[in-house]
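Okay, so here's the structure we're looking at.
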Amino acid sequence: MRERKSKTRTVLKYLSGFFVFFLLVAFVITCCTMLFVSLLRDSLGIVFTDEMIGTAAKLTFWNVVLLSFVFFGADLIRRRLTVERPVKRITEAAEKIISGDFSVRIPRPAHVGSDDAFGQVTDCFNRMAEELSSVETLRTDFIANVSHEMKTPLAVMQNYGTLLQTEDLSEEKRKEYAAGVTEAARRMADMMTNILKLNRLENQQIFPKTSEFDLGEQLCESLLQFESVWEKENIHIETEIEENVTVKADGELLALVWNNLLSNAFKFTPSGGTVSVTLTATAHHAVVKVKDTGCGMTPEVGAHIFEKFYQGDTSRATRGNGLGLALVKRVVDILRGEISVESTPGAGSTFTVRIRRAPHEDA
């Protein structure tokens, strides 16, 4: 029943299209014929008989029918090639995207005349498909990485929880296992906190609250937070901080940058190594460098360190979750700064951050 209705609508559409062309051609030919006959009669003084008019009317009618059919057929072919075919391709591609296939691409239609509207629509559709494909890949990777990162602390807590149920467990072992559960829970809590921060930053739910402050003082405060770390690991500290370097930025977001960079430096610096922090100023920027004498990294690793959950040194994975540098990169981008890294395997890494100084210092 539905197919019959569809066929009926198609036939009616074709008939209405032909009828429109018939009326248009009939009107044009009638006007031209009347004008021609009128001029011919006035110029030559010819008298038309009823028989002549009847014959001419029949010829004209069939001429109109023939021309209407030709024009209708030509327009039908034109619509099939230049309208219906591109629309069908776009519709089929859209249905594939709706079903989850983001790899679909539409071939660009041949450019006919000056109207390239479908070509522009096709280009926009393909760019949209590429963006959706990238977003889907990121989403899938993000879920996979989160699941993987959560497995480790959960497994640790499960194992230590099982061991804590052992009878006749010594006090020393009980404290050791409890500390393991606490550390695993802390790692999971830190990961969730960083995920929420990164999500808010990427969705622009955090808006910078700028104020002027002394960047050197902030760096010193951030460094002092790791005093227990460098004393425990016997890491040497070197600082070269220029005085009176004022910046206009969001102090809380910048503190997140320094804390993550310093945490990363201490994480990869072995006992007896050195972590240095320098602050210099140019005419328009404050330049902060955080350098360590750790294991360093290859150019291949350096190209991915700002990606979420990426950890170049898997042997240190238990001390981080691969989100710190992704947070740093996003914050620096929001503050319209720049960040770069220089590293040599076995010789350490240097992270350089450039932040605009306060406006009154630009002169």
Side-chain angles (χ1 to χ4, degrees), residues 141-202 206 218-237 252-273 275 277 290 292 294-295 305-331 349 351:
D141 291 346
F142 183 80
I143 293 174
N145 287 325
V146 169
S147 301
H148 175 75
E149 291 294 331
M150 289 183 67
K151 280 183 179 179
T152 302
L154 285 173
V156 170
M157 287 189 287
Q158 183 179 9
N159 292 336
Y160 279 133
T162 302
L163 292 173
L164 283 171
Q165 298 176 25
T166 304
E167 297 181 1
D168 302 326
L169 189 66
S170 65
E171 183 67 16
E172 181 180 356
K173 287 294 183 181
R174 186 184 66 79
K175 290 182 178 179
E176 178 184 345
Y177 298 156
V181 173
T182 303
E183 177 63 20
R186 183 198 62 78
R187 281 192 60 212
M188 184 174 291
D190 289 345
M191 182 176 66
M192 292 298 104
T193 300
N194 285 336
I195 288 175
L196 290 174
K197 286 181 180 178
L198 190 57
N199 181 64
R200 293 178 65 191
L201 288 170
E202 290 184 338
I206 295 179
Q218 186 186 56
L219 285 170
C220 291
E221 292 174 0
S222 297
L223 187 59
L224 288 174
Q225 294 180 20
F226 296 90
E227 184 175 3
S228 59
V229 177
W230 79 61
E231 289 181 350
K232 179 181 177 181
E233 300 293 336
N234 190 29
I235 296 175
H236 303 288
I237 301 298
E252 184 177 350
L253 289 179
L254 262 188
L256 184 65
V257 172
W258 314 135
N259 291 339
N260 276 282
L261 289 180
L262 289 170
S263 175
N264 205 58
F266 287 116
K267 169 184 169 182
F268 289 100
T269 301
S271 178
V275 171
V277 179
V290 178
D292 63 70
C295 57
I305 57 172
F306 294 114
E307 298 176 4
K308 287 178 288 188
F309 292 106
Y310 184 82
Q311 293 180 331
D313 185 357
T314 55
S315 65
R316 306 296 182 98
T318 57
R319 300 177 62 181
N321 49 51
L323 288 172
L325 291 179
L327 277 170
V328 168
K329 182 65 167 64
R330 185 59 183 144
V331 169
S349 305
F351 287 85

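Residue numbers start at 1 and run along the sequence shown.
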Grab the two heavy atoms, one from Ile235 and one from Pro270, that are nearest each other, plus how far apart they are. CG1-O, 4.0 Å
Between Asp292 (side chain only) and Val275 (backbone N and O only), is there a donor and an acceptor less than 3.5 Å apart? no
Can you name the nearest heavy-atom pair linking Gly180 to Val156, along with the distance? O-CG1, 4.0 Å
Trp258 meets the side chain to side chain donor-acceptor pair (under 3.5 Å) criterion, sequence neighbours left out, with Gln218
Taking atom CD as the centre, does Glu227 end up with more than 12 heavy-atom neighbours from other residues, nucleotides or ligands that are less than 6.0 angstrom away? yes
Who pairs with Glu176 by salt bridge (charged side-chain N to carboxylate O under 4.0 Å, His left out), at least two apart in sequence or on another chain? Lys173
Of the options Val290, Val331, Val328, Leu325, which is the one that meets Asn260 in a side-chain contact (heavy atoms from CB on, under 4.5 Å)? Val328
Out of curiosity, Leu164 CG to Asn159 CG, how far, rounded to the nearest 0.5 Å? 11.0 Å
Verdict with supporting geometry, Ile237 and Phe266, side chain to side chain contact (heavy atoms under 4.5 Å, CB included): CA-CA 10 Å; Ile237 301 298; Phe266 287 116; 3.6 Å; yes
Would you call Leu262 and Val277 a side-chain contact if the rule is heavy atoms closer than 4.5 Å? yes
Of all pairs that satisfy ring-ring contact (aromatic ring centres under 6.0 Å, His included), the ones with a partner from residues 168-189, not counting sequence neighbours: Tyr160-Tyr177
Verify the neighbour count for atom CD of Gln225: are there more than 12 heavy atoms of other residues, nucleotides or ligands below 6.0 Å? yes
Please round to the nearest 0.5 Å and tell me the distance separating atom CE of Met157 and atom OG1 of Thr182. 10.0 Å
Would you mind reporting whether Leu223 and Trp230 have side-chain heavy atoms less than 4.5 Å apart? yes
So salt bridge (Lys or Arg N to Asp or Glu O under 4.0 Å) across residues 157-171, not counting sequence neighbours, yields Glu171-Arg174
